[in-house]
Amino acid sequence: MKQKSLFEEMANNNTTKKHVNEPLPFDCLAIDIEATGKDPVSDAIVGISLCKEKGIAYYVPIRHHKANNLNDALPILKEVLENQSISKIGHNLKFDILMLMQEGIYVQGDLYDTMLASYLLDPNSQNHGLEEVSIKYLNHRKRAFSDILGPHKTFAEVPLEEAIKYAAEDAELAFELKEILFKKIDSEGLRSLYFNIEMPLIFVLAEMQQTGIKLDIDLIIDLSKELERELSLLESKIYNLAGKRFNINSSQQLSKILFEELGLKTSKKTKTGYSTNVSVLEQLSIYHDLPREILHYRSLYKLKTTYLDTLPNLVNKKTGRIHTSFNQTITATGRLSSSEPNLQNIPIKGELGTKIRQAFIAENGSVLLSADYSQIELRILAHMSKDKGLLEAFQRGVDIHSKTASEIFNVPTEKVTSELRRIAKTINFGIIYGISPFGLSESLGISPKEAATLIDSYFRRHNGVREYIEKTIKDVRKSNYVITLLGRKRQIPEINSTNSNTRQQAERIAINTPIQGTAADLIKIAMISISEELKKKKFKTKMLLQIHDELLFEVPNEEVEEVTKIIKNKMESALSLSVPLEVDIKLGKNWAEVK
DNA sequence: GGCGTCACG
DNA sequence: ACGTACGTGACGCCG
């Protein structure tokens with residue numbers, strides 16, 4: 001009964017174009033899609049729940065088993081969902097938008113995403129699920145999905161009576177959460193960050209996920225077979241060197257062999273024993289052949305299991321492409337993350353890295369275009385610290401690492417060797433991480449004392465950076481939070497901890513977060529403006545991936561010239577800083593060629 | 001499910 | 001004396 005009346009109201013909405021003076025019967029609608037699974041590209045809609053006022057919610061079965069499905073519901077819903085004047089409320093709306101896209105429905109209007117709101121209010125929280133957020137803000141314990149699903153294979157098989165209760169509750173919770181969370185968004189000064197960046201980004205990410213990227217499966221499978229052979233040779237070699245067979249993938253068993261049976265010296269400890277990580281095994285390779293072979297084995301095994309053996313299985317049967325998930329509510333700094341598969345950590349180093357990237361290809365008639373920000377985080381540091389040396393370096397366009405080397409080691413720029421530059425580069429990274437003598441020493445393989453000397457000489461030449469760090473930490477001690485250029489907040493209560501380790505870690509976070517977070521804000525702005533421009537001018541170019549400081553596009557040959565200009569221009573002008581932003585653009589048939 | 005390890009920025 | 005570089009995700013091991 002209730003379902004019908006809502007549909008009547010919705011149908012009325014269709015006529016509002018003719019009666020512009022009549023107010024819409026509702027301007028805000030909470031939606032929640034139930035589907036056969038959680039992969040919006042492969043799975044299908046089972047039903048949609050709706051809520052437009054507190055206390056009343058509806059469930060519209062679309063493909064529910066053994067139910068009176070409302071077959072004509074989607075066309076009616078389409079009118080409402082594509083109505084720009086009706087705001088959509090939901091928890092993780094990117095999922096709903098993607099599911100609806102499969103039905104030819106393109107959601108429009110303002111989005112009030114309660115998951116995103118929860119994230120902006122507390123990016124440190126690991127869990128922004130509807131369940132947790134409802135407990136936190138509504139003190140309401142919602143029905144668990146696993147209880148509803150029970151033995152059923154998909155939600156479609158859950159008896160309608162049960163399904164209605166569950167689905168309708170979710171839409172209503174989102175509706176209620178919206179009131180509370182978006183008041184908080186306003187009072188915390190997060191409104192503009194939400195409406196100008198995170199909300200429009202939802203559409204951009206949805207489209208990127210929907211597009212996916214093409215993979216040369218045969219190449220990946222050939223590589224996997226090649227590694228299979230190489231690994232089996234290495235395996236025998238390792239057993240010979242160890243004098244016995246063991247599970248090479250067990251760091252525990254390896255530890256026994258290295259440190260007990262072969263009597264090699266331990267260096268680093270872990271929570272559970274002695275470390276056998278890269279830096280330890282590199283040290284040990286001087287004394288024995290086994291560690292080097294283990295390193296070789298591990299690197300191959302990693303690439304084979306993590307990439308070669310999994311990527312082919314993730315090629316979507318319908319689209320023939322790989323569709324990652326871009327997560328907007330995971331990182332504490334404001335970055336995106338990518339999962340299932342993670343396409344933000346595809347290997348790049350070495351011959352094998354190149355070979356793997358060669359398998360990510362453009363469609364026939366198109367090329368891949370990679371656009372990456374050059375030294376974005378150091379430029380942001382220059383802007384925020386107003387350090388004279390850094391500002392001048394970027395304004396003059398010099399090689400920043402060489403300049404740092406020249407300063408620290410007191411040699412003319414022409415005499416900076418690649419070794420000195422490498423050290424300077426590590427220091428520059430270290431500054432952004434919230435440098436510590438120990439951290440730098442570990443990374444450079446020198447003593448903490450030597451590291452401290454290097455840090456000291458850096459700060460002697462960069463007073464602005466030193467003062468910026470000191471002021472940032474001082475401010476955080478009072479406010480307990482840091483903020484990015486676009487107003488993204490991260491609480492750091494540990495800044496006043498009595499435990500010095502905890503406190504120092506908080507200080508490093510306080511330095512790093514505004515820099516990493518502002519870079520994240522920046523590229524998000526660029527993504528939105530590029531996406532708008534491509535849409536406006538009706539280009540067929542597709543944005544495929546974001547890898548923190550890089551965007552990857554698939555560009556039809558005939559669009560390359562124009563689109564290159566747009567991308568470069570939009571990225572370089574996304575924010576106006578006191579240093580120029582530089583973007584490098586490269587083209588190629590595959591992802592290896594664009595580097 | 002925690003841990004160690006290692007792929008990326 | 002302690003134990004640290006910042007931010008992620010995925011794999012295999014082990015209990």
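Reminder, nothing fancy here: chain letters follow the sequence lines and each chain counts from 1.
- Near DNA chain C, defined here as any heavy-atom distance below 4.0 Å, the residues from residues 487-514 of chain A are A/R490, A/N501, A/Q504, A/Q505, A/R508, A/I509, A/N512, listed numerically.
- Listed candidates were C/dA5, C/dC14, C/dG9. Nearest to the side chain of A/N327 is C/dG9.
- Distances were taken from every side-chain heavy atom of A/Q252 (C-beta onward) to each of C/dT4, C/dA10, C/dG15; the shortest belongs to C/dG15.
- Within the nucleic acid shown, A/G434 has no heavy atom closer than 4.0 Å to any nucleic acid atom.
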Which dot-bracket string fits DNA chain C when only Watson-Crick or G-U wobble pairs with both atom distances under 3.5 Å count, crossing pairs get [ ], and | stands for a partner on a different strand?
-> .....|||||||||.
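- When each of A/S338, A/S339, A/S337 is tested with A/T324 by the rule side chain to side chain donor-acceptor pair (under 3.5 Å), just one qualifies, namely A/S338.
- B/dC6 sits 25 Å from C/dC2 when the P atoms are compared, rounded to a whole Å.
- Between A/R422 and A/E419 there is a salt bridge, since a side-chain N of the basic residue sits under 4.0 Å from a carboxylate O of the acidic one.
- Comparing B/dG1 with C/dA5, their C1' atoms sit 27 Å apart, to the nearest whole Å.
- Note on A/A520: nothing from the nucleic acid sits closer than 4.0 angstrom, heavy atoms only.
- Ion pairing between a basic and an acidic side chain is recognised when a charged N comes within 4.0 Å of a carboxylate O; A/E470 and A/R466 show such pairing.
- Between the CG atom of A/L440 and the P atom of C/dC6 there is a distance of 13 Å, given to the nearest Å.
- Side-chain contact check for A/K449 versus A/P437: every heavy-atom pair is 4.5 Å or farther apart.
- Contact annotation for A/S255: no contact, since no heavy-atom pair falls under 4.0 Å across all strands.
- A salt bridge links A/K568 with A/E572: the closest approach of a Lys/Arg side-chain nitrogen to an acidic carboxylate oxygen falls below 4.0 angstrom.
- Looking at A/E132 and A/R141, no side-chain N of the basic residue comes within less than 4.0 Å of a carboxylate O on the acidic one, giving no salt bridge.
- Taking a cutoff of 4.0 Å between a charged side-chain nitrogen and a carboxylate oxygen, A/E207 and A/K542 qualify as a salt bridge.
- Rounded to whole Å, the distance from CD1 on A/I455 to P on C/dT4 is 17 Å.
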Any chance you could list the contact pattern along nucleotides 2-9 of chain B? Use B for base contacts, S for sugar-phosphate-only contacts and - for none, protein heavy atoms under 4.0 Å, 5' to 3'.
-> -SSBBBSB
